[in-house]
Structures are given as structure tokens and as C-alpha cells.
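Supplied in C-alpha cells, the structure appears directly below.
Residue numbers run from 1 in the order of the sequence given.
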Amino acid sequence: MAPNARLDHRNPLVIDTHELGRRPGALQRLTREIDAPRDLGIQGVIGVPEGSPVELDLRLESVMEGVLVTGTARATAEGECVRCLEPVGLELEADFQEMFSYPDADDRGRVIAEPGDDAEDDEGRLFIEDGLIDLEPLLRDAVVLALPMQPVCQEDCPGLCSECGVRLADDPDHHHDAVDIRWAALQGLAGTMTDGEKDEMSGAEAGVDEKQEK
């Protein structure tokens, strides 16, 4: 979060640190349940549905340069098995820790006259704004890291039949008889022939076999 960004204290993911104060060593523990924000997870793969409950256990510690936030998020993620396409439910527990810096202090806790002058130093840092911190970027990163990139319904899921798409876990004995592609065209032709034509073809094949024997 860049300095001077405006945070809404009504947002459940925005934490007020005024009660904690700026005395190094001060601690505050918080527990709250929030509704999952939109697109919390790996888009198109697996994630926490928007509006579903997310439990947060937080530990806020005041240090010289800001507030160190340590926490755990618990929720239920939903997705689709990459092998058989069945729905997947996953109990998620994501741990995170991040430093939120005072905008008027450098990385050694010293007060600086004009915060934010060096954009390169500020890039990637999270800041406290008017005593408020925004946990949403931190939560999103933690959830993505805790989720599997290729979710499966079970570790040994056999997937789908490559020929007909049936779910192999439901039919362990499922198989297809191998067909010699050299005879596939003749088999298709035989299916369109009349009984008389089949008899003629059988007679012709028998004659060929007799000549070969001689």
C-alpha cells in the first residue's frame, strides 16, 4: 500500500492500530470472521467463493519502523479436479507475516522529513495510513501460495478415459478392445453390406486361401 492511499475503516480487512500505539514491544491479538472478497484464489482453478466465511487470527506487534502483522486465515476453497473434472473442496489454512511501515520512518525506524521521495525504496513495501493497515493484499498472496496449482479429488485419481471420457474411478475395469487400424475400414464396409454380398466376399476370401495353400 503506497503512502497517502485512502483506506476505509469500515472494510473488515482494514485494521485500526491506534489502540496498539507506537511503543516498541506492544502486542495486540485479534480474531475476526470476514466475508471472502472477490477472486480470492487462483482464478479458473481453485479459490475461496466470494462471500464465504474466512476466519482470521491476527497478532500485531509494534516495532521501531512500524507494525509486524502475523496471522492465519482459515476458509474452504472450491475448485475442479484437473484429472476427472469433479468438484473439489479443500480446507484451507494460510499463514502470513508482513511488516507495515510508518510512512514517516525509514527501514531503521528513523523519522524521515519527506516520506515517499524515493519511489524505488517504497516499491513493494506496505504502509500504515492514519493508523490503518489493509490486510487484503497480504491475504490474497497467502491464499494463492497455500492453494494447489493442480487440485485433485484424491491423490490417486485415475482421471477420464481418453477415448470416451468416462470417469475411471467409477469403473475401474473400464477398457476398450484394441482395433487394428488396418482392418477398421473393412469392418466399417462390412457393416453396410447385405447378407448376399457378405457371402460372396467370404467365398472370394476362401478361394484366395486355397490358392495360397497350393
Side-chain angles (χ1 to χ4, degrees), residues 1-22 24-82 87-107 109 115-116 119-153:
M1 179 64 64
N4 301 323
R6 292 295 174 228
L7 299 180
D8 184 354
H9 68 277
R10 296 168 297 182
N11 185 332
L13 283 170
V14 171
I15 306 297
D16 191 333
T17 67
H18 285 100
E19 185 177 338
L20 178 66
R22 293 184 63 159
L27 293 174
Q28 185 179 13
R29 296 183 183 275
L30 299 173
T31 301
R32 62 176 55 181
E33 183 177 293
I34 66 165
D35 293 336
R38 185 178 181 182
D39 297 329
L40 182 60
I42 306 172
Q43 193 169 5
V45 180
I46 189 170
V48 181
E50 182 178 3
S52 63
V54 179
E55 296 179 3
L56 296 176
D57 290 329
L58 305 172
R59 180 180 183 271
L60 280 60
E61 180 181 1
S62 178
V63 295
M64 287 293 293
E65 62 268 31
V67 174
L68 179 65
V69 177
T70 305
T72 300
R74 298 180 182 86
T76 300
E78 297 178 1
E80 189 177 79
C81 177
V82 296
V88 172
L90 174 67
E91 293 303 316
L92 171 72
E93 185 169 302
D95 298 323
F96 51 86
Q97 185 176 72
E98 189 62 68
M99 171 66 69
F100 287 81
S101 301
Y102 296 122
D104 60 348
D106 64 10
D107 57 4
E120 292 184 1
D121 289 345
D122 289 345
E123 186 176 357
R125 295 175 63 187
L126 299 175
F127 288 89
I128 302 170
E129 180 206 327
D130 297 330
L132 303 176
I133 58 177
D134 184 8
L135 295 182
E136 185 167 340
L138 188 57
L139 176 63
R140 290 188 179 280
D141 289 346
V143 168
V144 168
L145 289 175
L147 288 171
M149 292 296 295
Q150 295 187 319
V152 291
C153 58

For the residue pair Ala73 and Leu56, what are the closest heavy atoms and their distance?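 Closest approach of Ala73 to Leu56, heavy atoms only: CB-CD2, 3.7 Å.
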From OG1 (Thr72) to CG (Asp95), nearest 0.5 Å: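 Interatomic distance, Thr72 OG1 to Asp95 CG, rounded to 0.5 Å: 4.0 Å.
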Can you tell me how far CG of Leu139 sits from CZ of Phe96, rounded to the nearest 0.5 angstrom?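 The CZ atom of Phe96 sits 6.5 Å away from the CG atom of Leu139.
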Closest approach of Ala36 to Val54 (non-hydrogen atoms, all atoms of both residues):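 Looking at all heavy atoms of both residues, the closest pair is CB-CG2, 3.7 Å.
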For a 4.5 angstrom cut-off between non-hydrogen side-chain atoms, does Val88 reach Glu80?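 No, every pair of side-chain atoms sits at 4.5 Å or beyond.
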So if I apply the side chain to side chain contact (heavy atoms under 4.5 Å, CB included) rule between Thr70 and each of Arg29, Gln97, Glu61, which one comes out positive?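 Of the listed options, the one satisfying the test is Gln97.
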Rounded to the nearest 0.5 Å, what's the gap from CG on Leu135 to CG on Asn11? Could you check?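 The CG atom of Asn11 is 9.0 Å from CG of Leu135, to the nearest 0.5 Å.
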What is the minimum heavy-atom distance between Ala94 and Ala142, and which atoms define it?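 Taking every non-hydrogen atom into account, CB-O, 3.6 Å.
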Would you kindly say whether Glu91 and Thr76 are connected by a side-chain donor-acceptor distance under 3.5 Å?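 A pair is found: one side chain offers a donor N or O, the other an acceptor, under 3.5 Å apart.
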If I compare all heavy atoms of Arg22 with all of Ser62, which pair ends up nearest, and what's the gap?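 Heavy atoms only, the tightest pair is C-OG, 3.4 Å.
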Using the salt bridge (Lys or Arg N to Asp or Glu O under 4.0 Å) rule, collect all pairs that involve residues 32-57, keeping only residues at least two apart or in two chains.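 Non-adjacent pairs meeting salt bridge (Lys or Arg N to Asp or Glu O under 4.0 Å): Asp57-Arg74.
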With a 4.5 Å heavy-atom cut-off, do Val67 and Leu20 have their side chains touching?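 Val67 vs Leu20: side chains touch.
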Could you give the distance from CG (Asp16) to CD (Gln28), rounded to the nearest 0.5 Å?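 Answer rounded to 0.5 Å: 8.5 Å.
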Less than 4.5 Å apart, any side-chain heavy atom of Leu13 and any of Ile34?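 A side-chain contact under 4.5 Å exists here.
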Evaluate Leu60 against Ile15 for side chain to side chain contact (heavy atoms under 4.5 Å, CB included), listing each step before the verdict. CA-CA 10 Å; Leu60 280 60; Ile15 306 297; 3.8 Å; yes
Return the OG to CG distance between Ser52 and Leu40, rounded to the nearest 0.5 Å.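 Here the interatomic distance stands at 8.0 Å.
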Does a side-chain heavy-atom distance below 4.5 Å link Met149 with Ile42?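 They are in contact (side-chain heavy atoms under 4.5 Å apart), so the answer is yes.
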Above 12 or not: heavy atoms from other molecules or residues under 6.0 Å from CD of Glu93?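 Atom CD in Glu93 is crowded, with more than 12 foreign heavy atoms closer than 6.0 Å.
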Side-chain donor or acceptor of Thr17 paired with backbone N/O of Gly131 under 3.5 Å: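 At least one qualifying donor-acceptor pair exists.
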Sub-4.5 Å side-chain heavy-atom contact between Pro24 and Val63: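 Result no, sub-4.5 Å side-chain heavy-atom pair not found.
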Test item: Val82 and Val152 side chains (from C-beta on) under 4.5 Å apart, heavy atoms: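 Side-chain contact under 4.5 Å: yes.
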Restricting to non-hydrogen atoms, name the atom on Phe100 and the atom on Phe127 that form the minimum distance, rounded to 0.1 Å.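 In terms of heavy atoms, the two residues are closest at CD2-O, 3.9 Å.
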Minimum heavy-atom separation for Ala146 and Leu92, please, with both atom names.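 Answer, listing the atom of Ala146 first, then Leu92: CB-CD1, 3.5 Å.
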Could you give the distance from CG (Leu30) to CD (Glu19), rounded to the nearest 0.5 Å?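 It is 8.0 Å, given to the nearest 0.5 Å.
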